[in-house]
Amino acid sequence: EAGVAQSPRYKIIEKRQSVAFWCNPISGHATLYWYQQILGQGPKLLIQFQNNGVVDDSQLPKDRFSAERLKGVDSTLKIQPAKLEDSAVYLCASSLDLSRGHSYEQYFGPGTRLTVT
Amino acid sequence: GDSVTQMEGPVTLSEEAFLTINCTYTATGYPSLFWYVQYPGEGLQLLLKATKADDKGSNKGFEATYRKETTSFHLEKGSVQVSDSAVYFCALTGTYKYIFGTGTRLKVLA
């Protein structure tokens, strides 16, 4: 079984530039998550999709971050314009439909390390 | 709302020492409880889980028991190895969402 794929693995941009991250979840996983993990901290949920609908985006800075999940499969997270404090690792994860069972584990991708200079 | 509290790290142990990482939770209903591990430069991966009270999850020598009376899910291992050095996250699922703790860094010295 293929895991969660993310690209790119690393990205360096200047502040005020834009950047996009891509995630391909495990086949058949209805729920997709984007997390921001700042060095030394736990993952912070940015947005959670159920198929192609948004379940939770309460911690997504909507003035600069956007995300979509077209056709309920792949997802893209965008930052525009980036700030210095956006430097972090962006993790994508997927799971089976949490609304059908709360014991489902999340499968994480390797993450994208973003550095904003 | 639902929450998870983990002991702060870092935890530094010698090889073959006994490990305990404390985790307590607050949740409505009956959540599932998880421990995830993150090795350097990698994403998180599931270490073990328990889905109901008194369940014991175990994997790779690690164990944790779902204690509803004390709302705890402490992670234990009888003899740690250098390869166990990582960050450990306690988590629960509630109301269709995952809640993660802040993580505990473990460093095992040879």
Side-chain angles (χ1 to χ4, degrees), chain A residues 1 3-7 9-10 21 23-26 29-51 53-60 88-113, chain B residues 1-11 21 23 25 27-53 55-57 59 64 66 73 86-107:
Chain A
E1 176 181 83
V4 176
Q6 288 188 249
S7 67
R9 290 294 313 275
Y10 306 91
F21 311 126
C23 173
N24 181 235
I26 291 173
H29 280 189
T31 310
L32 185 147
Y33 315 76
W34 281 104
Y35 292 91
Q36 179 192 60
Q37 187 176 24
I38 293 173
L39 188 64
Q41 298 182 18
K44 169 188 167 185
L45 180 68
L46 293 176
I47 188 165
Q48 178 177 335
F49 290 97
Q50 185 70 20
N51 295 307
V54 176
V55 172
D56 183 359
D57 64 356
S58 57
Q59 298 194 90
L60 186 74
V89 174
Y90 290 85
L91 295 168
C92 179
S94 69
S95 73
L96 293 171
D97 186 345
L98 263 194
S99 67
R100 298 186 178 214
H102 57 67
S103 66
Y104 297 137
E105 70 174 280
Q106 287 192 31
Y107 293 82
F108 284 80
T112 297
R113 182 176 297 278
Chain B
D2 297 350
S3 67
V4 174
T5 303
Q6 283 183 243
M7 63 185 286
E8 289 195 19
V11 174
I21 300 178
C23 171
Y25 69 90
T28 54
Y30 303 94
S32 290
L33 301 174
F34 305 80
W35 277 102
Y36 282 80
V37 59
Q38 186 174 32
Y39 298 103
E42 298 182 13
L44 282 71
Q45 57 185 273
L46 180 70
L47 181 59
L48 54 85
K49 70 178 182 182
T51 60
K52 60 183 187 296
D55 264 5
K56 178 185 283 187
N59 186 26
Y66 190 144
F73 193 56
V87 181
Y88 293 81
F89 294 92
C90 186
L92 64 81
T93 49
T95 325
Y96 316 140
K97 285 197 249 185
Y98 261 82
I99 308 293
F100 282 92
T102 53
T104 302
R105 181 175 298 278
L106 171 65
K107 185 174 182 179

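Just so we're on the same page: letters track the sequence lines, and every chain starts at 1.
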Please flag which part of B:Gln38 lies under 4.5 Å from any non-hydrogen atom of chain A: side chain, backbone, both or neither.
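The side chain, not the backbone.
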Measure the NZ-CG distance between B:Lys97 and A:Leu45 for me, rounded to the nearest 0.5 Å.
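These two atoms lie 7.5 Å from each other.
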Distance (rounded to the nearest 0.5 Å) between A:Tyr104 OH and B:Thr51 OG1:
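OG1 of B:Thr51 is found 11.5 Å from OH of A:Tyr104.
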Can you name the closest pair of heavy atoms from A:Pro43 and B:Phe89 and give their distance?
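Heavy atoms of A:Pro43 and B:Phe89 come nearest at CD-CE2, 3.6 Å.
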Kindly give the heavy-atom pair with the smallest separation between B:Gly43 and A:Leu91, and that separation in Å.
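Between these two residues, the closest heavy atoms are CA-CD2, 4.2 Å.
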Taking it one step at a time, do B:Tyr36 and A:Glu105 satisfy side-chain contact (heavy atoms from CB on, under 4.5 Å)?
CA-CA 10 Å; B:Tyr36 282 80; A:Glu105 70 174 280; 3.7 Å; yes
Most heavy-atom pairs under 4.5 angstrom with chain B, which of A:Arg113, A:Gln37, A:Arg9, A:Gln41?
A:Gln37
